Amino acid sequence: MNQPPVLINDTTLRDGEQAAGVAFNLQEKVAIAKFLDAVGVHEIEVGIPAMGEEETLAIKAIADLNLQAKLLAWNRAVISDIQASIACGLKRVHICIPVSGVQISTKFQGQWRITLQQLRDSVNFALDNGLWVSVGGEDASRADKNFLLDVATFAQELGASRFRFCDTVGILDPFATYHRVKKLVESISIPVEIHTHNDFGLATANALAGIEAGCLTANTTVNGLGERAGNAALEEVVMALKRIYGLDVGIDTTKLLDLSRLVADASRCSVPPWKAIVGENTFAHESGIHAHSVLQNPATYEPFSPEEVGWERRVVVGKHSGRHAVTQMLEKHGIKLNSEETKSVLDAVRQESVKKKRSLTTKEVLDLVQNGRYSHAIR
Ligand SMILES: CC(=O)SCCNC(=O)CCNC(=O)[C@H](O)C(C)(C)COP(=O)(O)OP(=O)(O)OC[C@H]1O[C@@H](n2cnc3c(N)ncnc32)[C@H](O)[C@@H]1OP(=O)(O)O
Ligand SMILES: O=C(O)CCC(=O)C(=O)O
């Protein structure tokens, strides 16, 4: 098969797990890696071997699975970090160095030459040990533009096979992302990866802008889990590429919901109902005008069919319902009401929904009909 136009390098097991309070155990890490691989994710950032034994045991267990997906571990520009990655049996490493003034002054006391020396030493060490190397420019979005290009060129000259552009604190918009990444892509010959954060709710849009500007890989996480407001969500990037850009990256989208549930469960971070692609309301219709149309033609209010991402469509009855949805629900249960009776059921539904603060179950609607004792109701 030809290589897809864009590769997904999923970092749920690294940046996803960095979300405050999230801690996967070995079994969960292995299950998530297997699922990512099964849906066709091309690369998995499995974690940070420098964290110690618990983490390295999980990473080794994933490496032993011989998955189709390529595995890489995250490292600082520190030789002992690379040694820890090698000890896990990994063949690919990602090596991060800060590139913005604020990061270099805080972490390296402003000594950018030392930062670059550490990068050189760690990349050389990795290459000498036969590893494939990706270099990450942490806080690239706040870096001096020329310095960023110098670092990326330096990484390329050292022998890195990829450079990751990181919008570490999520401060770019898609337009700025496009221009900055395009400049980077045009300045180096190794592929560029986009890594975005969601501090202003723009992570997915910025990941797409990076891809549009020429990135070959996008760093994503399931459910957008990750540091602070999270990362670009795997399911959003994949579906936007498929449905907005017409780019099929070879991922089985029908499994995205199950994958989301697995990660929500393991992370103990539930997904809000309105969350794109995997939120429980994404294919639920309550409003009368919507339900009336969707019952005839779902395309009126759905961008694509629910089955494409593992959902089923739901038309629910609640405060905003109109008579068409209620009539359809009742007729399915052999109940035919005249228009006055339907209106009266709708009034009761609205009151009950406000009281319960949710839509009603079928049984609750049937009970309302029963309690209304409509003479025309046949069962
Ligand atoms: C933007 C990102 O997401 S970067 C990824 C961040 N992820 C994590 O931090 C999660 C896992 N981290 C950890 O388990 C630990 O922080 C470890 C094992 C990596 C390091 O732990 P410790 O040695 O206890 O150091 P601590 O975390 O307190 O401080 C970080 C150290 O790394 C240095 N450092 C930070 N980034 C880099 C880098 N890219 N390259 C080299 N050194 C770095 C800091 O300057 C500091 O150095 P110092 O100990 O000499 O002062
Ligand atoms: O991989 C890197 O270089 C840094 C990654 C990261 O998590 C970030 O910058 O937000």
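The shown structure was predicted, so the numbers you read here are calculated from the model rather than taken from an experiment. In listed order, ligands and their atoms are each counted from 1. For reference, positions follow the sequence shown, starting with 1.
- For Gln296, the CD atom sits in a packed shell: over 12 heavy atoms of surrounding residues, nucleotides or ligands are nearer than 6.0 Å.
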Please tabulate, one line per pair, the protein nitrogen or oxygen atoms found under 3.5 angstrom from a nitrogen or oxygen of ligand 1, with distances to 0.1 Å, or say none if there are no such pairs.
from	atom 1	to	atom 2	distance (Å)
ligand 1	3 (O)	Arg14	NH1	3.2
ligand 1	3 (O)	Gln18	NE2	2.9
ligand 1	7 (N)	Gln18	OE1	3.1
ligand 1	32 (O)	Arg76	NH1	3.0
ligand 1	39 (N)	Cys96	O	2.7
ligand 1	40 (N)	Ala77	N	3.1
ligand 1	45 (O)	Lys107	O	3.4

(Q) With ring pair (Phe, Tyr, Trp, His ring centres under 6.0 Å) as the criterion, how do Phe283 and Phe304 come out once you've worked through the C-alpha distance, each side chain's angles and the decisive distance to 0.1 Å? (A) CA-CA 10 Å; Phe283 292 95; Phe304 52 85; 5.6 Å; yes
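- Between Phe147 and Phe154, the distance separating the two ring centers is not shorter than 6.0 angstrom.
- Just one of Asn75, Asn129, Val123, Asp81 meets the side chain to side chain contact (heavy atoms under 4.5 Å, CB included) condition when paired with Val93; it is Asn75.
- When the shell of 6.0 Å around NZ of Lys34 is examined, it contains 12 or fewer heavy atoms from other residues, nucleotides or ligands.
- Closer than 4.0 angstrom to ligand 2 sit non-hydrogen atoms from Arg14, Asp15, Trp74, His94, Cys96, Gly136, Glu138, Arg164, Cys166, Thr168, His195, His197.
- In this view, Lys182 and Glu186 satisfy the side-chain hydrogen bond (donor to acceptor under 3.5 Å, both in side chains) rule, not counting sequence neighbours.
- Within a 6.0 Å radius of OH in Tyr301, other residues, nucleotides and ligands contribute more than 12 heavy atoms.
- Annotation: cation-pi pair Arg92/Trp74 absent, no NZ/CZ under 6.0 Å from the ring centroid and within 45° of its normal.
- For the salt bridge (Lys or Arg N to Asp or Glu O under 4.0 Å) test, no residue two or more places apart in sequence or in another chain qualifies with Glu212.
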